Amino acid sequence: MKQTAHPPDHRTVRTPTRTAAAPAPPPARAATRHRPASQQWAAWAFLTPVTLYLVLFYAYPLYRNLDLSLRDYTVRSFVQGNAPFTGLDNYGKILDDPAFAPALLHTVVFTAVCLVFQYAIGLALAVFFHQHFRLSATLRALFLVPWLLPLIVSASTWSWMLNSDSGIVNALLSTVGVGPVNWLTSPSWSLTSVIIANIWIGVPFNLVVLHSGLQSIPTSLYEAAALDGANAWQRFWRITFPLLRPVSAITLLLGLVYTLKVFDIIWIMTKGGPADSSTTFATWSYQLGFGNLLPAFGPGAAVGNLLVVAALVFGLVYIRVQRKQALS
């Protein structure tokens, strides 16, 4: 039998080969390992000035104020630094003080009334200037004057205007048959006087922030509402006011923090009087710490800490509300 020779199979058969060990990383890759570290050092270099500023001008003063409220400091111990630790005794003293309840009431009334009128007037002016009529930019710039003036100038001007004898306000009231009002020397009017002055100073801030918020609202929403037959009030209540809620919240929060600590306006105009009728926590804290021959540093610092706690509580409430709105 004749055997046929088969041609050789030229198909290549791949045999598994062992994988060689990975070569060492090139120098360029090794250099990249040091980039994140250098970037971190650069970030810390930029953060260092801000951190030092916060520690020196925020953290340390808060610590010192807390330390003052927990010790029995006198002038000598304040210099020498050997005041005895008293715990919460200073807080108990201010709570038992007869001036605590009036000061708390004046602080609440002063803060609430100022916030309501500053926000309402600022919002009305913001909506008015949002119409972009002729000279709107010029008039809006003029409304910033109270905000740009130093507080001592504004308070002194209002003290002159509300003077019982030579003030321009009483002069204008006399032209309509109203008798002179003791704005700054009457216990019934002193708190009202400082409230009016503070409202005048705080309106420009609300105007600027709310006007910037109005500019972020699309005009197409107003055009669609107008086509649906909505009047001006309906457009404001259904579009403007709801979309301004985030801006309104931060405006009210900043206004609250500012109003709680108002001192110079009240002190220049009335010094918290007469008969403590315009005393707030801010002026009371100053009177306790620096307004007497024998200063009470501990109780004065305790009153100041109450203001810090109040501002912190409202700040935390604002953050919580913002988180809920973001999640919803």
Side-chain angles (χ1 to χ4, degrees), residues 65 68-69 73-75 89-118 151-174 178-202 256 258-311:
N65 201 62
L68 283 173
S69 66
Y73 273 97
T74 61
V75 177
D89 289 349
N90 290 321
Y91 293 91
K93 290 180 181 178
I94 63 173
L95 291 177
D96 295 335
D97 197 309
F100 176 80
L104 175 62
L105 177 62
H106 298 158
T107 303
V108 172
V109 172
F110 178 81
T111 304
V113 175
C114 287
L115 281 180
V116 170
F117 279 91
Q118 286 174 354
L151 292 178
I152 188 172
V153 175
S154 301
S156 301
T157 302
W158 276 100
S159 296
W160 169 75
M161 293 173 60
L162 297 176
N163 187 275
S164 302
D165 300 325
S166 58
I168 189 174
V169 175
N170 279 345
L172 293 176
L173 292 177
S174 64
V178 179
V181 178
N182 297 323
W183 295 99
L184 304 177
T185 58
S186 172
S188 303
W189 289 99
S190 60
L191 186 61
T192 304
S193 302
V194 295
I195 287 175
I196 293 174
N198 191 64
I199 290 174
W200 180 78
I201 294 172
L256 173 69
Y258 167 79
T259 309
L260 281 174
K261 66 181 184 63
V262 168
F263 163 77
D264 32 23
I265 299 172
I266 301 174
W267 191 257
I268 293 172
M269 294 181 64
T270 64
K271 287 185 170 56
D276 296 333
S277 58
S278 58
T279 297
T280 60
F281 276 175
T283 58
W284 188 31
S285 176
Y286 179 83
Q287 287 175 346
L288 291 173
F290 304 98
N292 301 316
L293 294 176
L294 296 176
F297 294 115
V303 175
N305 285 333
L306 293 181
L307 291 176
V308 174
V309 171

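On a predicted model such as this, the values are computed, not experimentally measured, just so you know.
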Is the shortest heavy-atom distance from the side chain of [X] to the side chain of [Y] under 4.5 Å?
X: Val109; Y: Leu105; answer: yes
X: Trp189; Y: Leu162; answer: no
X: Leu184; Y: Asn163; answer: no
X: Trp284; Y: Thr107; answer: no
X: Leu256; Y: Thr111; answer: yes
X: Phe281; Y: Phe100; answer: yes
X: Ile265; Y: Ile268; answer: no
X: Pro102; Y: Asp276; answer: no

If I compare all heavy atoms of [X] with all of [Y], which pair ends up nearest, and what's the gap?
X: Lys271; Y: Gln287; answer: O-NE2, 3.4 Å
X: Pro274; Y: Ser186; answer: CG-C, 3.9 Å
X: Gly289; Y: Pro295; answer: O-CB, 2.9 Å
X: Ser166; Y: Trp160; answer: O-NE1, 4.2 Å
X: Ala301; Y: Leu68; answer: CB-CB, 3.6 Å
X: Ser164; Y: Pro180; answer: O-CB, 4.3 Å

**Request:** Check whether more than 12 heavy atoms from other residues, nucleotides or ligands sit under 6.0 Å from atom OH of Tyr258, and answer yes or no.
**Result:**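 Enclosed: over 12 neighbouring heavy atoms sit under 6.0 Å from OH of Tyr258.
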**More than 12 heavy atoms from other groups under 6.0 Å of CG on Leu104** =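 More than 12 heavy atoms, drawn from other residues, nucleotides or ligands, come within 6.0 Å of this atom.
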Can you tell me how far [atom2] of [Y] sits from [atom1] of [X], rounded to the nearest 0.5 angstrom?
X: Trp183; Y: Leu191; atom1: CH2; atom2: CG; value: 12.5 Å
X: Thr157; Y: Trp200; atom1: OG1; atom2: CH2; value: 6.5 Å
X: Asn198; Y: Thr259; atom1: CG; atom2: OG1; value: 5.5 Å
X: Ser154; Y: Met269; atom1: OG; atom2: CE; value: 10.5 Å
X: Asp89; Y: Ile94; atom1: CG; atom2: CD1; value: 12.0 Å

Ignoring hydrogens and geometry, is there a side-chain-to-backbone donor-acceptor pair from [X] to [Y] under 3.5 Å?
X: Thr283; Y: Thr280; value: yes
X: Ser285; Y: Val303; value: no
X: Thr279; Y: Gly272; value: yes
X: Asn182; Y: Thr185; value: no
X: Ser156; Y: Val153; value: no
X: Gln118; Y: Ile201; value: no

**Prompt:** Once the angle between the rings of Trp267 and Phe263 is folded into 0 to 90°, is it parallel (under 30°), tilted (30 to 60°) or perpendicular (over 60°)?
**Reply:**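 Trp267 vs Phe263 ring planes: parallel.
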**Request:** Might you work through the side chain to side chain contact (heavy atoms under 4.5 Å, CB included) test for Phe117 and Ile195, ending with a clear yes or no?
**Result:** CA-CA 10 Å; Phe117 279 91; Ile195 287 175; over 6 Å; no
**Item:** side chain to side chain donor-acceptor pair (under 3.5 Å) partner of Thr270, chosen from Ser278, Ser159, Ser277
**Value:**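 Considering Ser278, Ser159, Ser277, a side chain to side chain donor-acceptor pair (under 3.5 Å) with Thr270 is found only for Ser278.
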